[in-house]
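Okay, so here's the structure we're looking at.
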Amino acid sequence: MNINENKNELSDVKTDNVSLNQEWYKLSNKKICNIFEVNPETGLSNKEAKNRLEKYGRNILPKSKKTNWFKIFLLSFLDPLSLIMILSGLVSGLVSIISQKIEVVDITGLVIILVIVLTNSIIATIQEVKSLNQVAHLNENKQTAIVLRSSKKTEIDIEELVPGDIIFVNSGGFVPADTRILDNQLLKIDESALTGENEPVKKISDSIKEKNLMLGDQKNIAFMSTLVIEGKMMGVIFGTGQESEIGKIATKITGHKPEKTPLERKVTRLTTIIGLTSIVLGLILFLISYFLSDRIHDVQPGKADIKNLLLIAVSSAISLIPESLTIIVKICLMVATKKMARKNVIIKNPKSIETLGNVNVICSDKTGTLTQNKMTVDKIFLDFKEDDYNNFDKTKYNDLINCITLCSDAIVEKEKIGSATEIATIEFVKKFNINYKSIRKNNERLDEIPFDSKRKLMTTVNNVDGRKMVYVKGAVDYLLDICTNKLIDGKVTPLTQEEKTKINEQLYSFAKRGLRVLGFSQKDITEEKQRYENNLTFLGCVAIIDPPREEVKASIEEAKSGGIRVIMITGDHKITAFEIATRLGITDENFDGVLTGQDINELSNEQLKERLQRTNVFARVNPEHKALIVDLLQEDNNIVAMTGDGVNDSPSLVKADVGISMGITGTEVAKGVSDVILADDNFKSIISGVNSGRNVYEKIKYSISFLIAANISQILTLLLILAINQDIALNSVNILFHIFIIETIVAVPIGMQKERRGVMKNPPPTHKKESLLKGIRSQIIITTLFNTLFAVLNYEIAVWWFNDDFQTAAKFGKTGVYIAIMFSPIFYSILYNNFFLPIKSTRQNKDVDKYRPNKWLLILMLVAFVFTTLTLIPIEKVNTFFDFTTVGLNPWLALIFFINSLLPTVCIYGTYKLLLKLI
């Protein structure tokens, strides 16, 4: 009888259209083993396992296909700037072919365009491939599982597991596939990766007859990628790979296509506008020059060189486009990716760096990200007084130490074994240099009653110095019901009702602060048949919490100062969530509410959106609630980052503008769909990433400001001189050489400057569609104004100098324009190095926005200066190629030209300082 035939046996348990995969919990151990034709004492034979591996496939979760590097390279040519450059090159080439007159100038122009486009594509490809390889490196470790094959326990790769395999998992191990538990010992499993519930689930091996159980209620099922916290299990696998519950979720989200980041959309929008503007200005320049051709210098009446005019118009149009912007963006992202990796922030998609820098809402999980993910004794309650554990006197409270140590099974060494609560209490004892192992060795355990969820108590009986001592720990309210005495200063006295009331009041106080309280008691027994759990002596309580990470509070303050709102979304209890949020400063006078998943279910979307305006803490939420919160925040144009580690977090990680997964505790599914991975699971690293993202965004805006100003100055100079003097001041080679020197050599290092320390004090964008030009328009206007003014002034000085000889004036006027257009940006580029900031930013951050040298900018400024100077050497062939001459140029006139190329820097600096005082 094969497996498919055995499935017919399930017809009697199939109800209400529940699928087969949801009913394994209803079957008996014997029946499920029969269905998979496996004997739990021998397991599958090696041959049968091999056959099933071929039939069902390997036990792996679906992954997105890795993009080939050559495909990435080809796709990079679809960048809007690259397309415009390629189109411009084709037009200029086509004009030369049609005119049947191809010159060195034409070839030079095409080569420059080709070099820029290829450089863009190569840098983009290298950077993306590096990022993909870095992420792939995170998932290199292979995992194994213990399986019963042909009556022998064997360790195999988890990918080779098949339905019907009998597996064994011990404490600390991950469940490798969906498994029906056949046998277990005190088994507790952390299912937070799947359900989001932090509390470990106590598992059973009996069948469950209830219908339509949620995953968290299927107590006899161990799900793939969940962690065994305590105990051990044996079970039969029924779901592997994408047929597992986690696999089904992974299948739905693995193929998702990431949306464009805000930066991509902004750059596309900006380049589209610039591209259209350049076409219009190029056309205007061509039409003006054509209709004025009879009056333009060097053009014979009625014989306008259409090819030359068209090439100048095309070159001018190209000059307006910030061709190197793509290179600058790629370099900024590449450098930032490398730096952030050193800060434990692994960037999967480099384009998300800018988005991370612009987030104004961070939705964070609590456990492990904001907290240490480690239960710790926070307060003690002894002698009816609350105190900090640092004041604990170990000699005075020896009975309590014995109770904590002996009424526990936890082991705290290199490997920690036991429940989180027990581990916390043993670590508390170890803080005072107490050898808990020695205490256990010298005080033999005679009997015990294991913890029971109904009693909520654990009891042990130990031989202590020849006495038979009973130690009981557990929930304080249950413990007080069986306590009749108390121990204070070594004396046992009756425990009054008033004192019990005081203890309960303290218990309530701890609960309000989100602390988990554990009570301890003891008694000395003499009779063999005496009951253990009655007439006990109350010793005291410890209050336990998963404490906040010490560095997180400062990080949250830094986030708030930068205009970032931090929201906690957790599956934990609302009281605990609110206490942690209060300690960290997430709640304040403006955000003092808490909403639970149940509250969210009772609110309409509009009501929830309204409550979002004053609520920063969400507790006991389901995955769909997380996604809904992200949705509503995005509807208000917020840029949202979401953290998560489990499969249940994946939908909200995909939906958020930036999905941030945990590198240590995160599941492969969560890592697969996220944009950013925190190697240390620390919230502080998120703020570090935001800081880097803001610096990247600022550098990109610096570069855009510089490029647009330099390029507009060039084309405005052309248009003004054409209108005033009916002369074409720059030819196509001048324009393309300007692109090479200014946009490639000078502009690129602007994006390589050091990170600015005060950038976190700047507010993030007010909404996703905020223009890249916001905050830099004044820079562009001021720079363009003075650059154009002095370039035109150089030409007019030549006209004045040679007022009776326009031909000579035009010849040296072009030289003056070339000097101004080339040298001015080289000089004023220094102002874009952490100085020429948005005015509002500089006024607010005078103490942190200090000048910091950019060695790459200084070096390449010198290189650009040398290259440009070489073109001015009075060599006839060189001068003719660039359509100007320095042969016979008066030294005083040359000095004036050079001074005028330096003056824009002085004027820009002075105007900026004046504006700082006036605004």
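This is a predicted model, so every value here is computed, not measured. When a residue number appears, it is its place in the shown sequence, counting from 1.
When all heavy atoms of Ile434 and Ile401 are compared, the pair lying nearest together is CD1-CD1, 3.3 Å. Asp477 and Leu507 make their closest contact through N-CD2, 4.3 Å (heavy atoms, listed as atom of the first residue, atom of the second, distance). Closest of all the heavy-atom pairs between Leu487 and Gly490 is CD1-C, 3.6 Å. Closest approach of Leu539 and Cys403 over heavy atoms only: CD1-CB, 3.9 Å.
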Check against side chain to side chain contact (heavy atoms under 4.5 Å, CB included), Ile544 and Thr421: CA-CA 7 Å; Ile544 301 169; Thr421 304; 3.6 Å; yes
Side chain to side chain contact (heavy atoms under 4.5 Å, CB included) between Lys416 and Lys374, intermediate numbers included: CA-CA 11 Å; Lys416 297 176 182 180; Lys374 174 187 171 185; 4.1 Å; yes
Full working for salt bridge (Lys or Arg N to Asp or Glu O under 4.0 Å) between Lys553 and Glu557: CA-CA 6 Å; Lys553 185 172 183 179; Glu557 283 301 315; over 6 Å; no
Evaluation steps, side chain to side chain contact (heavy atoms under 4.5 Å, CB included), between Tyr532 and Leu457: CA-CA 12 Å; Tyr532 296 156; Leu457 300 171; over 6 Å; no
Test side chain to side chain contact (heavy atoms under 4.5 Å, CB included) applied to Phe683 and Leu584, step by step: CA-CA 12 Å; Phe683 184 86; Leu584 293 174; over 6 Å; no
Check against salt bridge (Lys or Arg N to Asp or Glu O under 4.0 Å), Glu386 and Arg513: CA-CA 13 Å; Glu386 178 185 337; Arg513 286 175 275 166; 2.9 Å; yes
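Ile660 contributes atom CD1, which lies 7.0 Å from atom OG1 of Thr643 (distance to the nearest 0.5 angstrom). For the atom pair CZ of Arg611 and CD1 of Ile629, the computed distance is 12.0 Å after rounding to the nearest 0.5 Å. To the nearest 0.5 Å, atoms CD1 (Ile575) and CZ (Phe510) are separated by 14.0 Å. For the atom pair Arg565 CZ and Asn616 CG, the distance stands at 4.5 Å (nearest 0.5 Å). Note: Leu187 CG to Asn170 CG = 10.5 Å, rounded to the nearest 0.5 Å. Taken from CG in Leu612 to CG in Leu603, the straight-line distance is 10.0 Å, to the nearest 0.5 Å.
Residues Thr576 and Thr570 have side chains not in contact (no heavy-atom distance under 4.5 Å, counting atoms from C-beta outward). Contact annotation: the side chain of Ser692 never approaches that of Val345 to less than 4.5 Å [non-hydrogen atoms, C-beta and beyond]. By the 4.5 Å heavy-atom criterion applied to side chains, Phe428 and Ile380 are counted as neighbours. For the pair Met469 and Asn402, the minimum side-chain heavy-atom distance is 4.5 Å or more. Side-chain contact between Ile567 and Phe618 is present, with heavy atoms from C-beta onward closer than 4.5 Å. Looking at heavy atoms from C-beta onward, Tyr436 lies in side-chain contact with Ile411 at the 4.5 angstrom threshold. You'll find the side chain of Ile586 reaches within 4.5 Å of the side chain of Leu370, heavy atoms only. Counting only heavy atoms from C-beta outward, the side chains of Lys609 and Asp636 approach each other to under 4.5 Å.
More than 12 heavy atoms of other residues, nucleotides or ligands lie within 6.0 Å of NZ in Lys343, so this atom counts as buried by the packing criterion. Residue Lys431 qualifies as enclosed at atom NZ: its count of foreign heavy atoms under 6.0 Å is above 12. More than 12 heavy atoms of other residues, nucleotides or ligands sit less than 6.0 Å from atom CZ of Phe384.
Checking side-chain atoms of Asp190 against main-chain N and O of Leu227 turns up no donor-acceptor pair under 3.5 Å. For Arg455 (side chain) and Tyr478 (main-chain N/O), no donor-acceptor pair under 3.5 Å exists by modelled atom type. Put simply, the side chain of Asp675 gets close to the backbone of Gly659: a donor and an acceptor are under 3.5 Å apart. Listed for the Ser561 side chain is a donor-acceptor partner under 3.5 Å among the backbone atoms of Glu558. Here the side chain of Asn638 pairs no donor or acceptor atom with the backbone of Val640 at under 3.5 angstrom. The main-chain N or O of Cys483 is found under 3.5 Å from a side-chain atom of Lys500 such that the two form a donor-acceptor pair. Proximity of a side-chain donor or acceptor of Asp681 to a complementary backbone N or O of Gly663 within less than 3.5 Å is detected. Not one N or O on the side chain of Lys671 forms a donor-acceptor pair closer than 3.5 Å with the backbone of Met662. Using modelled atom types, no side-chain atom of Asn534 and backbone atom of Ile482 make a donor-acceptor pair closer than 3.5 Å. Judged by distance alone, with hydrogens and angles left aside, the side-chain atoms of Ser509 form no donor-acceptor pair with the main-chain N or O of Glu505 at under 3.5 Å.
Using a 4.0 Å cut-off between charged side-chain N and carboxylate O, Glu191 and Lys203 make a salt bridge. Ion pairing between a basic and an acidic side chain is recognised when a charged N comes within 4.0 Å of a carboxylate O; Lys560 and Asp588 show such pairing. Ion pairing between a basic and an acidic side chain is recognised when a charged N comes within 4.0 Å of a carboxylate O; Lys473 and Glu422 show such pairing. Ion pairing of Arg445 with Asp409 is present here, as a side-chain N (NZ or NE/NH1/NH2) and a carboxylate O approach within less than 4.0 Å. Asp383 and Lys396 are joined by a salt bridge, as a carboxylate oxygen and a charged side-chain nitrogen come within less than 4.0 angstrom of each other.
Checking Asp599 against Thr596 by side-chain atom types alone, a donor-acceptor pair falls below 3.5 Å. No hydrogens or angles considered: nothing links the side chains of Ser685 and Asn344 as a donor-acceptor pair under 3.5 Å.
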